[in-house]
K.L.:
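Here it is, the structure, as structure tokens.
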Amino acid sequence: MTVRSPRTKHLSLAALAVLTLTSTALTYQLHHTEKDADPTAVSAPLPSHPGPGAGSYTYDRLAGPARTVVRDAKGGVAATLTDGARTAVLTGPSRTFTEPHTTKAKIVTDSWVRLMPKPWKAGTEKQKWFTDWFAAFHRSARPDLLAVSQQYVKGAPQKKDRQGLRYAGPATAGPPTPPGSPAGGPHRRPSDFYHYLGKPWTFPDRKNALPDKSRYGAVDSSGYVRLVYGYRGGYALLGTDRKGPGLPRTTNGIASVGPGVPVIPNRGARPSELDTLQPGDLVFFDTDRRNGPRLDHMGIYLGLDTDGHPRFISSREKNNGPTFGDIGGSARIDGAGTYAVSLRAAKRL
């Protein structure tokens with residue numbers, strides 16, 4: 001990793017007032033029914049008092065990609081904030097993710113992945129919206145995007161809102177495609193987050209997307225990411241693969257025209273280095289060569305497992321749902337496994 005001449009800045013984060021997600025200035029573009037979702041969701045309103053992280057910090061500028069590393073008074077890393085991305089990785093309490101029915105690997109991490117209200121850029125530490133946000137979330141144990149990603153694996157408890165809508169619980173990869181479907185296509189019918197929820201959805205670039213009852217509780221790989229980052233996290237969503245202010249519908253659309261900072265550019269081959277990855281990055285794969293260079297699978301990078309291997313979670317056909325396990329191929333992106341050799345790109349939202 002190349003380090004350019006660091007520029008260090010000092011800032012005192014004072015206790016500040018409530019930051020609400022309904023503020024249009026903060027660009028949260030939630031569906032009008034999101035108020036009915038998980039009261040502990042990552043997009044819930046912030047508390048009216050600062051978190052335990054309020055205090056004095058230094059802000060070091062690094063390159064590859066351009067980013068700011070926030071350090072506490074002892075020099076420890078408190079957060080990593082990438083220019084052009086809303087994804088922030090905050091240091092918090094250590095926790096362990098397990099999936100014993102699919103792998104012996106465990107993810108032990110103190111990285112907490114959250115979406116900031118606005119993309120980061122150098123000097124943002126001086127802006128009030130950031131000091132509010134950081135004071136509330138630093139060292140917070142409120143569920144983050146990694147925790148939410150685990151709420152759809154086999155064995156996860158079901159969660160319903162006050163209207164009875166199930167918004168969390170084990171997901172499947174969708175029903176099989178009908179006989180006679182074109183060769184080279186997916187083995188299961190594509191399923192977006194609104195199929196999982198079983199509720200209609202209106203996108204800014206597509207009207208009245210209606211759920212299919214046969215796909216209730218199902219998400220394909222891009223639908224799973226849209227469920228975690230979009231419906232639960234508050235990132236804007238599009239209904240097609242047109243370029244716009246939100247996540248496109250498919251894996252290839254998100255990779256090619258979607259928002260985010262390319263941390264591993266797609267050069268049509270397996271990348272030689274993975275050092276730029278951080279938890280929460282979206283990883284993209286070319287698992288089916290019959291589709292040419294089109295990227296057909298994606299997931300969320302979780303970090304290193306307890307054996308030191310980089311691991312991701314995705315909704316997979318052979319596992320019939322989200323997993324970071326080893327059914328139908330190890331969810332490692334090093335070594336010689338299916339997903340390791342088919343890795344092509346990564347983005348930071």
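Predicted model, so just to flag it, every value in this text is computed and none were measured. What's counted below: heavy atoms across the whole structure, side chains too, no hydrogens, waters or symmetry copies.
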K.L.:
I'd like to know if the side chain of D296 pairs up with that of T287 as donor and acceptor (distance under 3.5 Å, no hydrogens or angles considered).
P.N.:
yes
K.L.:
Centre of Y216's six-membered ring, under 6.0 Å away, within 45 degrees of the axis: is that where NZ or CZ of R166 sits?
P.N.:
yes
K.L.:
In a check of side-chain hydrogen bond (donor to acceptor under 3.5 Å, both in side chains) between T103 and each of T323, T98, D326, which one passes?
P.N.:
D326
K.L.:
Can you tell whether the side chains of R249 and D220 come within less than 4.0 Å, N to carboxylate O?
P.N.:
yes
K.L.:
Indicate the ring-plane relationship of H138 and F134, choosing parallel, tilted or perpendicular according to the 30° and 60° boundaries.
P.N.:
parallel
K.L.:
Using the rule given for ring-ring contact (aromatic ring centres under 6.0 Å, His included), can you reason through Y196 versus Y152, listing the C-alpha separation, both sets of side-chain angles and the distance that settles it, and then say yes or no?
P.N.:
CA-CA 10 Å; Y196 174 89; Y152 301 96; 5.3 Å; yes
K.L.:
Calculate, to the nearest 0.5 Å, the distance between atoms CG and OG1 belonging to L295 and T251 respectively.
P.N.:
8.0 Å
K.L.:
Please determine if R311 and D305 form a salt bridge, counting it only when a charged side-chain N lies under 4.0 Å from a carboxylate O.
P.N.:
yes
K.L.:
Checking F137 against W112 for the ring-ring contact (aromatic ring centres under 6.0 Å, His included) test, could you report, in this order, the C-alpha distance in whole Å, the side-chain angles of both residues, the deciding distance, and whether it holds?
P.N.:
CA-CA 10 Å; F137 280 119; W112 293 67; over 10 Å; no
K.L.:
Verify the distance criterion only: is there a donor paired with an acceptor across the side chains of D212 and H195 at less than 3.5 Å?
P.N.:
no
K.L.:
Set out, in order, the CA-CA distance, both residues' side-chain angles and the distance that settles salt bridge (charged side-chain N to carboxylate O under 4.0 Å, His left out) for D144 and R95, then state yes or no.
P.N.:
CA-CA 12 Å; D144 70 330; R95 61 221 168 124; 2.8 Å; yes
K.L.:
Could you tell me whether F285 and Y339 have their ring centroids closer than 6.0 angstrom?
P.N.:
yes
K.L.:
Given side chains that start at C-beta, do those of I264 and L274 come closer than 4.5 Å, heavy atoms only?
P.N.:
yes
K.L.:
Roughly how far, to the nearest 0.5 Å, is CZ of R86 from CG of L349?
P.N.:
8.5 Å
K.L.:
Where does the angle between the aromatic ring planes of F312 and H297 fall among parallel (under 30°), tilted (30 to 60°) and perpendicular (over 60°)?
P.N.:
perpendicular
K.L.:
With the threshold set at 4.0 Å, does a side-chain nitrogen-carboxylate oxygen contact exist between D288 and R290?
P.N.:
yes
